[in-house]
Amino acid sequence: MEAFILRFEERVAPTEKAVKEAWWNLATTGTEEAQAQLVRAGMEYNRLFEDGYEKVRGWYEGRDDLESPLLRRQVEVLYRTFAGRQGDEETLDRIEELEARANAIFGNHRGVVGGREVGENEIREILRFSDDGSLRRKAWEASKTVGREVEETVRELARLRNRLAREAGYPDHFHRSLDLQDIDTGELDRIMSELESATDAPFGRLKADLDAKLEERFGVGTVMPWHLSDPFFQSCKHDAAAFPHPASRRGSRSAAGAGDGDVRSDENLDAVSVADVDRFFRDKDLEALTRKTYDNMGLEVRDVLAKSDLYERAGKSQHGFCLSIGREYPYDVRVLVNVRPDSYWMDTMLHEFGHAVYDKHINPKLPYFVRSVAHTSTTEAIALMMGSLVDDPTWLSAVAGVSEAELGEIREYLLWRDRADRLVFTRWALVMFHFEKALYEDPEREDLNSLWWNLVERFQLVNGPPGRNEPDWAAKIHVAVAPVYYHNYVLGHLTAAQLKHHLEERVTGGPFFMSEVAGRYLIEAVFGPGARNRWEDAVLRATGERLTADYFVKSLR
Ligand SMILES: [Zn+2]
């Protein structure tokens, strides 16, 4: 068994590295050549799993007899890696091709507003700041045009993924994918229902407040999706007018502590100036703030920054991610983002570098197949915990150098915004969860467009544009290239809340991000052990209790 694993590692390591390199090349250039290279590398990787599956499955089934917990764990990971790559060559190759195509479409597509091509950053800015309802509508519609271009690719992917799942004895890809991610479907259903009922009432109140403000701001009787600041209403961080604070209703802007001349001259001056958190970042060096944040925790990120691709460029992926290329020490960890000096990108920088410090500190002495993060949800937990610092008044003052005078009344707004945003995110995640479940139940169904809007209306309380029949679901990149993934953000949020509580109550006794002890604790208790324990045990070891939704739910109140 051990000899097999070692031999297999020798073949996997270079191929896996080549796939990651190809992924990076495609994301940074968007060229057809890079796309072809990624497809070739992916196919070669898949070939590695053609032989040996029966043997590995046999070991997996008999794993309880293994004495060494580390060997047993390697067998578990190896089995899931193999199982995820089983299927006929033609189907596997076709999936590689289609995923690369979808990635390229998302990388290269630009929506058009008023005859001009606009990137996602521009669309976001229009939806955040413009008071022109018709421009907003055009920008929102432009954000969805990629859906049509990618829809057929996504449907075909869903069909093929389902074919593999059914061949392996699962009802569909949704179930197979969760099983291969070591997630219990029943338990996940239970968590999602718990979050639905915990958010029902507070989200309803929040949305009603938000609608009232937006109706007033835009002079409309019904709030439409383009009146919200995020194209999918994933976040409400920039729905400035929603804050139900007296400062946003008073006639004077002094309450906001903003006299810096950087305030827009619209009717919502007060609300906007209170809520304009971006102003804290306009003249800041986001790289420097990222460095400082991690320095405070004793976590080095200069090496990662040096290898990263941080600024906008034509052809480059418009999203943010962190990638660890290969598993050789010293690790090659890189971040791709499209930084602009605002709070969205500050959040994203802190988030992606959260993934990076995790990847960087995995114990290099661990055997190859467990030399990785414990689970996607665990690394998302670190990233989310770090990203949320942009709304933490203590971080803003101690790290970002925002003065007490400037913070002033905005403190209260920030606390509100942080909580409101978690509510909004949870409802959005419920849409993704239920939509993908239904998509894989039947990718052929003709009513996916209306199914999507039914879920959006039910969970997010957002009105669908009357008569709209567009594949808006396909405009969400995860549905195409990161399928059955969203629950990892949800579990990540639960883990982050629980871990933060543990750190501050039992480890640091104060803000975790101001403490080198917190950094050392994370290295020892979370990063270092890699995937040597099952993810649920990893959470238990790191926080002293099993994963619970309690801390997260408490943070919504
Ligand atoms: Zn992430």
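Legend: residues meeting side chain to side chain donor-acceptor pair (under 3.5 Å) with His502, ordered by chain and number and at least two apart, are Arg506, Tyr521. Partners of Asp537 according to the salt bridge (charged side-chain N to carboxylate O under 4.0 Å, His left out) rule, which considers only residues two or more places apart in sequence or in another chain, do not exist here. Here Tyr358 pairs with Phe527 under the ring pair (Phe, Tyr, Trp, His ring centres under 6.0 Å) rule; sequence neighbours left out. Here His319 pairs with nothing under the ring pair (Phe, Tyr, Trp, His ring centres under 6.0 Å) rule; sequence neighbours left out. For Lys20, there are no side chain to side chain donor-acceptor pair (under 3.5 Å) partners two or more places apart in sequence or in a different chain. Residues satisfying the ring pair (Phe, Tyr, Trp, His ring centres under 6.0 Å) test with Phe552, not counting sequence neighbours, are His493. Under the side chain to side chain donor-acceptor pair (under 3.5 Å) criterion, Lys144 pairs with no residue, sequence neighbours left out. Remark: Glu505 engages no residue in a side chain to side chain donor-acceptor pair (under 3.5 Å) (not counting sequence neighbours). Residues forming a ring pair (Phe, Tyr, Trp, His ring centres under 6.0 Å) with His375 (at least two apart in sequence, or on another chain): Trp535. Scored by the salt bridge (charged side-chain N to carboxylate O under 4.0 Å, His left out) test, Arg411 finds Glu404 as partners (sequence neighbours excluded).
Remark: side-chain polar atoms of Arg136 are paired, donor with acceptor, to backbone N or O of Trp226 under 3.5 angstrom. For His501 (side chain) and Gln498 (main-chain N/O), no donor-acceptor pair under 3.5 Å exists by modelled atom type. Not one N or O on the side chain of Gln74 forms a donor-acceptor pair closer than 3.5 Å with the backbone of Pro367. Side-chain atoms of Asp278 come within 3.5 Å of backbone atoms of Ser343 as a donor-acceptor pair (strictly under, hydrogens ignored). Side-chain atoms of Lys284 never come within 3.5 Å of backbone atoms of Leu289 as a donor-acceptor pair (strictly under, hydrogens ignored). Trp140 places a side-chain N or O within donor-acceptor distance of the main-chain N or O of Pro231, the cut-off being under 3.5 Å. A donor-acceptor contact shorter than 3.5 Å links the side chain of Gln318 to the backbone of Glu120. Judged purely by atom type and a 3.5 angstrom limit, Ser308 has no side-chain atom pairing as donor or acceptor with the backbone of Leu310. Remark: the backbone N or O of Ala531 is paired with a side-chain donor or acceptor of Arg73 at under 3.5 angstrom. Counting only distance, with no hydrogens or angles, the side chain of Ser197 and the backbone of Ser193 share a donor-acceptor pair below 3.5 Å.
For the pair Ile523 and Leu299, the minimum side-chain heavy-atom distance is below 4.5 Å. A 4.5 Å side-chain heavy-atom check between Asp131 and Arg217 finds at least one atom pair inside the cut-off. A heavy-atom distance below 4.5 Å is found between the side chains of His487 and Leu178. In this structure, the side chains of Glu187 and Leu547 stay at 4.5 Å or more apart for every pair of heavy atoms. Within the 4.5 Å cutoff, side-chain heavy atoms of Met514 are placed close to those of Val399.
Surrounding CD of Glu524 are at most 12 heavy atoms belonging to other residues, nucleotides or ligands under 6.0 Å away. Around atom CH2 of Trp23, no more than 12 heavy atoms belonging to other residues, nucleotides or ligands sit under 6.0 Å away. In this structure, Glu328 places its CD atom where only 12 or fewer heavy-atom neighbours from other residues, nucleotides or ligands lie under 6.0 Å away. Within a 6.0 Å radius of NZ in Lys500, other residues, nucleotides and ligands contribute 12 heavy atoms or fewer. With a 6.0 Å radius and a threshold of 12 heavy atoms from other residues, nucleotides or ligands, Arg128 has its CZ atom above the threshold.
Side-chain atoms of Gln234 and Tyr489 include no donor-acceptor pair closer than 3.5 Å. Under 3.5 Å, the side chains of Gln181 and Ser177 contain a donor-acceptor pair of N or O atoms. Between the side chains of Trp345 and Asn121, at least one donor N or O sits under 3.5 Å from an acceptor N or O. Tyr344 and Glu125 are not linked by any side-chain donor-acceptor pair at a separation below 3.5 angstrom, with hydrogens and angles left out of the test.
The aromatic ring centroids of Phe174 and Phe433 lie less than 6.0 Å from each other. Taking the ring centroids of Trp452 and Trp473, they lie at or beyond the 6.0 Å cut-off.
Checked options Tyr486, Trp428, Phe435; the residue passing with His478 is Tyr486 (criterion: ring-ring contact (aromatic ring centres under 6.0 Å, His included)).
Atom CG of Asp347 sits about 10.5 Å away from atom CG of Leu286, to the nearest 0.5 Å. For the atom pair Tyr329 OH and Ile362 CD1, the distance stands at 11.5 Å (nearest 0.5 Å). Leu336 CG to Thr348 OG1: the interatomic distance, rounded to the nearest 0.5 Å, is 11.5 Å. Atoms CG and CD1, on Asn488 and Ile183 in that order, are 5.0 Å from each other to the nearest 0.5 Å. Between His227 atom NE2 and Phe233 atom CZ the span is 13.5 Å, to the nearest 0.5 Å. Between atom CG of residue Asp418 and atom OH of residue Tyr413 there is a gap of 10.5 Å, rounded to the nearest 0.5 Å.
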- Message: Working note: Val357 + Met297, criterion side-chain contact (heavy atoms from CB on, under 4.5 Å); need CA distance, chi angles, decisive distance, verdict.
- Response: CA-CA 11 Å; Val357 290; Met297 298 174 71; over 6 Å; no

- Message: Between Met386 and Phe353, does the side-chain contact (heavy atoms from CB on, under 4.5 Å) criterion hold? Intermediate values first, please.
- Response: CA-CA 8 Å; Met386 297 306 297; Phe353 279 84; over 6 Å; no

- Show your working on side-chain contact (heavy atoms from CB on, under 4.5 Å) between Thr495 and Leu384 and close with a plain yes or no. CA-CA 10 Å; Thr495 307; Leu384 289 164; over 6 Å; no

- Task: Using the side-chain contact (heavy atoms from CB on, under 4.5 Å) rule, take Val390 and Val277 through it: C-alpha gap first, then chi angles, then the decisive distance, then the call.
- Result: CA-CA 9 Å; Val390 291; Val277 180; over 6 Å; no

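Within the structure, salt bridge (charged side-chain N to carboxylate O under 4.0 Å, His left out) pairs that include any residue of residues 192-206 comprise Arg190-Glu194, Glu196-Arg458, Asp200-Arg427 (at least two apart or interchain). The list of salt bridge (charged side-chain N to carboxylate O under 4.0 Å, His left out) pairs with a residue in residues 311-325, not counting sequence neighbours, reads Asp309-Arg313, Asp309-Lys316, Glu312-Arg340.
Taking a cutoff of 4.0 Å between a charged side-chain nitrogen and a carboxylate oxygen, Asp295 and Arg302 qualify as a salt bridge. Between Lys437 and Asp189 a salt bridge is recorded (basic side-chain N to carboxylate O distance below 4.0 Å). Residues Glu216 and Lys213 are not paired through a salt bridge, judged by the lack of any N-O separation under 4.0 Å between the basic side chain and the carboxylate. A salt bridge is defined here as a Lys NZ or Arg NE, NH1 or NH2 lying under 4.0 Å from an Asp or Glu carboxylate O, and Lys17 with Asp332 fails to meet this definition.
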